[in-house]
Every structure is written in structure tokens, then in C-alpha cells.
Amino acid sequence: YYNILHIIALRSVCRANPALSLQQTQRACFSQLIKTSAPAQNQTNLLPANKLTPSATPLLLQLQLPALVALPARSVTKFSLIKGKRKSVKAVIKRFKRLDWGAWIRTHTGRHKKMFKKSMELRRRLRQHIFTNATQSWLLDKMVTNYWRRPKHYIDDPYTPYHKRDEYFATKSKSFKV
């Protein structure tokens, strides 16, 4: 809501006088947002010499602009511009692997950095993989297309023992009955 008010206020400030050039107008709009730190009796306007009077400057200087907060963003393209299909996030495909039963695994971050400082136990732990939790798996499933959610079969796959999870009812593979 505040961003909309600031945009409207900036637009009203930056209304160009037809006699002014574009460069002078941009300087005028920017200089209206700047306050000097001089005392009140010696305070001078930082307006350029383009005939803008202090009475014409709005009350934008008195507004306290909030700090811009970076909002989190998922980089999923909902619909491509050419074919209108969803696209996968390449960082997910590069950093994670999806197992056949729906879980995602990843490696430890920084597992190759400063190995001379790390103990043998820590080095062994860093060679292992980490499972994502249910919320992270759900989010990663949304960030990739159906192609990456389907089971993949590779020759000499090192993850073959981890693709089955028969000890739990929800992920148990169906047995064939005669």
C-alpha cells in the first residue's frame, strides 16, 4: 500500500513543465527528494536552476520513505511466452535429486571447502546426502515439471538402493498377487 502511495507522490512531483527538457526534469525530480543536513537558518534548496520555486515543491520531502524490503521470489515461470507451458527451475534440477518414492535428496553445502580444517568424522558426514522434509519436497515438486517427477532409470545408478522404501505403508511398492 505504501509503495503505491510513493509512486503516486513521485508521479505528481515529476510532472514535467512543457518548457523543460527531459534531463532537467529528471534532475528536478531527483533533487526534490534530497534534503540537506545544514541547519534550518542556512538551509538552501537543492533545486536546479530550472525555475522551480519552493512553493511548487510538494510535501514529499516530509514523507518518511520506508526502507525497501527484498521480498522472496520463486523463479518459476508459470507459463512460457512461446508455448504457454510451465518451465522447471534449473537450480533445483542441478542441486537436488528426486527418488522414486517422492523424496528429494541433496549434498551438504561446503562439502569440499577447507577440508584441512575438518575432522575425519565431519568429512565422513559431509560425504553423505541429506533428505528434504515434506514441506521442502512439496515445494520442489511444484518447481519442476512432470518429466522430472517421473522415475528415471539409469545404468549403474548409485542411488538404486534408495529408490525403494518398503518399510512404510505410504511408500510401499505394490506386491503382485497371483
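On a predicted model such as this, the values are computed, not experimentally measured, just so you know.
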Inset, instruction - Any chance you could pull the hydrophobic cluster mates of Ile155, using side-chain heavy atoms under 4.5 angstrom and chaining through other members? - result: none

Tell me which donor-acceptor pairs under 3.5 Å the side chains of residues 101-108 have, and how far apart each pair is, sequence neighbours excluded?
residue, atom, partner, partner atom, Å
Trp101, NE1, Tyr162, O, 2.9
Trp104, NE1, Asp141, OD1, 3.0
Thr107, OG1, Arg111, NH1, 2.8
His108, NE2, Arg125, O, 3.3

Inset, instruction - Tell me whether Phe131 is reachable from Leu140 by hopping between hydrophobic residues (I, L, V, M, F, W, Y) whose side-chain heavy atoms are closer than 4.5 Å. - result: no

Inset, instruction - Check whether any side-chain heavy atom of Glu167 lies under 4.5 Å from a side-chain heavy atom of Arg165, and answer yes or no. - result: yes

Inset, instruction - Answer yes or no: is there a side-chain heavy-atom contact under 4.5 Å between Thr160 and Tyr154? - result: no

Inset, instruction - Mind checking side-chain hydrogen bond (donor to acceptor under 3.5 Å, both in side chains) for His129 and listing every partner two or more places apart, or none if nothing turns up? - result: Tyr159

Inset, instruction - Answer whether the closest heavy-atom distance between the side chains of Tyr147 and Lys152 falls below 4.5 Å. - result: yes

Inset, instruction - Indicate if Trp148 and Phe96 have the same hydrophobic cluster label, given that clusters are the connected sets of ILVMFWY residues with side-chain heavy-atom separations under 4.5 angstrom. - result: yes

Inset, instruction - Could you pull out the closest heavy-atom pair between Arg149 and Arg98, with the gap in Å? - result: O-NH1, 2.8 Å

Inset, instruction - Under the side chain to side chain contact (heavy atoms under 4.5 Å, CB included) rule, collect the residues that match up with Lys118, sequence neighbours excluded. - result: Met115, Leu122, Arg123, Leu126

Inset, instruction - Enter the distance from Trp138:CH2 to Thr132:OG1 here, rounded to the nearest 0.5 Å. - result: 13.5 Å

Legend entry - Nearest atoms (heavy-atom pairs only) where Met143 meets Val92: CE-CG2, 4.0 Å

Inset, instruction - With sequence neighbours left out, write down each residue that passes salt bridge (charged side-chain N to carboxylate O under 4.0 Å, His left out) with Asp157, or none if nothing qualifies. - result: none

Legend entry - Side-chain cluster (under 4.5 Å, hydrophobic types only) that Phe79 belongs to, other residues: none

